[in-house]
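Notes follow once the structure below has been shown.
Note that ligands are numbered from 1 as they come in the structure, with each ligand's atoms numbered from 1 the same way. Quick note: residue numbers are just sequence positions, from 1.
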Amino acid sequence: MPIRWRLTIWFALILCGILLVSGTVLYILLQSYLDAQVDNNLRIYAARIHGTLNPVEIPQPLDYEVIHSRLPPINEFASPGIYIQLTEKSGNVVVKSNNLGNQELPVDFVLVSEGLSGKTAIGTVAAGGGSRVRILISPLYLGEKVLLLEVAQSFNHVDATMAQMRLALLISILVALALSTVFGNAMVRGVLSPVNKILQTVKNIETSSDLGRRVGYFGPKDEIGELAVTFDHMIEHLDKAFRSQRYFVADASHELRGPLTVIRGNLDLLKRNISEADKMEALQAMGRESIRMSKIIDDLLFLAEVESGEPLKCQDVSLKGILAEEAERAKNIAGRRKIILKKQQDVFVKGDAQRLRQLLANLVDNAIKYTPEDGTIVLSLFRDRDWVQLDVTDTGIGIASEHLPHLFDRFYRVDKARSRASGGTGLGLAIVKGIAEQHGGKITVTSKPGEGSSFTAWFKV
Ligand code: ADP
């Protein structure tokens, strides 16, 4: 059963339960209130009748004519629904109110015997035709004779009220059930609609293998809204990851195919009858290309390791020490280019020294590669509030702005021929970015063609 219907049925059942309990309590309270009102009425009527009687004036022996003339004017007390009757011990009715007509009040022997024993008794007696009367019996002493005063009230109006109450409760419960089902269902459907959209999107992605589909949720930012937005983000990440993996495989194959083609071509050449000098050249070319291939594979393996998300070796690394080492190394390979160490603050970051050294080495190697012999490369390290900035600035060829957003992509090269000629694999900056991110940092670049570039690695401290 769909969750929408399960929730709706639960809502309706809970509401029904609450209405039943509160309706029953209300019903019982009303019933006892009306019963008590009837009893009170009867007691008040009986008390009034007793109050009007002066038994001293009644002569002995009892003469019914006299008694009738002296008895309380019961018809004055009787009112529609209130019946009064005086009976003898034997059960003979002495006098009764006119509204009884030719009927008498029903006899209940328990009540009668209690009344005769001098007590006031009250009880409900069936009056035929399904109706009930409440009767209050009290002894009325006339000299030595005891009469029973019976004051009765029909329960008809109470029963009619209670029947109406039952009907009203039943109707209100049914209406509440119907309304809660209709509105509850509509409400749950509205609340769950993003879930249905997510489900539909998942099904579409599953059948079409198209990770470009999104839920596209617009609405309140509640838990379900957050689920829909998070789902879209997750699919976005997956889409990016799959796409970059696809490009990566294509790029890697493409990059490896170049050296392989050269090696195969030279192998074919060697099979032929060629001069010793040509053989030598072919062998050298094959050697160069195999070195290139192993560099690409080494870089790829290193990049995969950096991006694998494996936990880092976490040591306190002195960036100043690394910078000094790297400056020394750079001076040995920079030729006539000037290497300047500027602003060296003694800062430590948590991370892997080996990888941080690799990050700096890649930036410095690039700076040397893309800066003419008379250029300058400035290395600096400083702290700005929570961030440490490790900066490599050169006065080299610079990079046009349209290349900057792709610079850190794998195998991206501004000038392919130049990069290849200088032994570049196009993976250096992707490795730099991977290492920086692995240390919770980032890498930024500013550059102007013909003026130089500045690469900055940022780390949090
Ligand atoms: P490569 O192995 O080709 O150097 P990288 O990933 O290290 O690959 O760099 C990507 C591209 O960015 C390079 O091909 C080059 O065009 C450009 N580049 C990197 N560093 C610099 C720099 N300091 N000056 C100018 N261009 C640079």
Side-chain touch Q389/L381, heavy atoms, less than 4.5 angstrom: no

Compute whether any side-chain donor of one residue and acceptor of the other, for S453 and S447, lie under 3.5 angstrom apart. yes

So if I count the atoms of ligand 1 from 1 in the order they appear, which ones are less than 4.0 Å from some heavy atom of L429? 5 (P), 6 (O), 7 (O), 9 (O), 10 (C), 12 (O), 19 (C)

Return the closest protein heavy atom for atom 26 (N) of ligand 1 as residue, atom name and distance. I399 CG1, 3.3 Å

Heavy-atom nearest neighbour in the protein, as seen from atom 21 (C) of ligand 1, with distance rounded to 0.1 Å: Y370 CD1, 3.5 Å

min-distance protein heavy atom vs atom 8 (O) of ligand 1 -> G426 CA, 3.2 Å

Is it the case that R337 and T371 place a side-chain donor and acceptor less than 3.5 Å from each other? no

Note: ligand 1 atoms sitting under 4.0 Å from heavy atoms of S453 are 24 (N), 25 (C)

Other residues, nucleotides and ligands only: do more than 12 of their heavy atoms fall within 6.0 Å of CD on E373? yes

Contacting atoms of ligand 1, where contact means under 4.0 angstrom from a heavy atom of V414: 14 (O), 16 (O)

Under 4.0 Å from one or more heavy atoms of Y412, ligand 1 contributes atoms 10 (C), 11 (C)

List the closest protein heavy-atom neighbour of atom 3 (O) of ligand 1: residue, atom name, distance to the nearest 0.1 Å. S419 OG, 2.5 Å

Counting only heavy atoms closer than 4.0 Å, does ligand 1 sit against the backbone of H403, its side chain, both, or neither? neither

At under 4.0 Å between heavy atoms, is it the side chain or the backbone of D394 that contacts ligand 1, or both, or neither? side chain

So CG of L30 and CG of L169: to nearest 0.5 Å the spacing works out to 9.5 Å

CD1/I198 to CD1/I205 distance, rounded to the nearest 0.5 angstrom? 10.5 Å

Under the salt bridge (Lys or Arg N to Asp or Glu O under 4.0 Å) test, which residues partner E281, sequence neighbours left out? none

Taking R355 as the fixed residue, which of I435, V317, L360 is the one that meets the side-chain contact (heavy atoms from CB on, under 4.5 Å) rule? I435

Candidate with minimal heavy-atom separation from atom 12 (O) of ligand 1, of D299, T393, L407: L407

Mark up the atoms of ligand 1 that fall under 4.0 Å of a heavy atom belonging to F455, in ascending order. 20 (N), 21 (C), 22 (C), 23 (N)

Can you tell me how far apart CG (D299) and CD (E255) are? Round to the nearest 0.5 Å. 11.0 Å

In ligand 1, the atoms that come under 4.0 Å of a heavy atom of R413 are 3 (O), 14 (O)

Got the closest protein heavy atom to atom 7 (O) of ligand 1, with its distance? N366 ND2, 2.8 Å

Would you kindly say whether Q200 and N196 are connected by a side-chain donor-acceptor distance under 3.5 Å? no

Do G398 and ligand 1 have an N or O pair less than 3.5 Å apart? no

Which of the ligand 1 atoms, numbered from 1, are nearer than 4.0 Å to a heavy atom of G428: 5 (P), 6 (O), 7 (O)

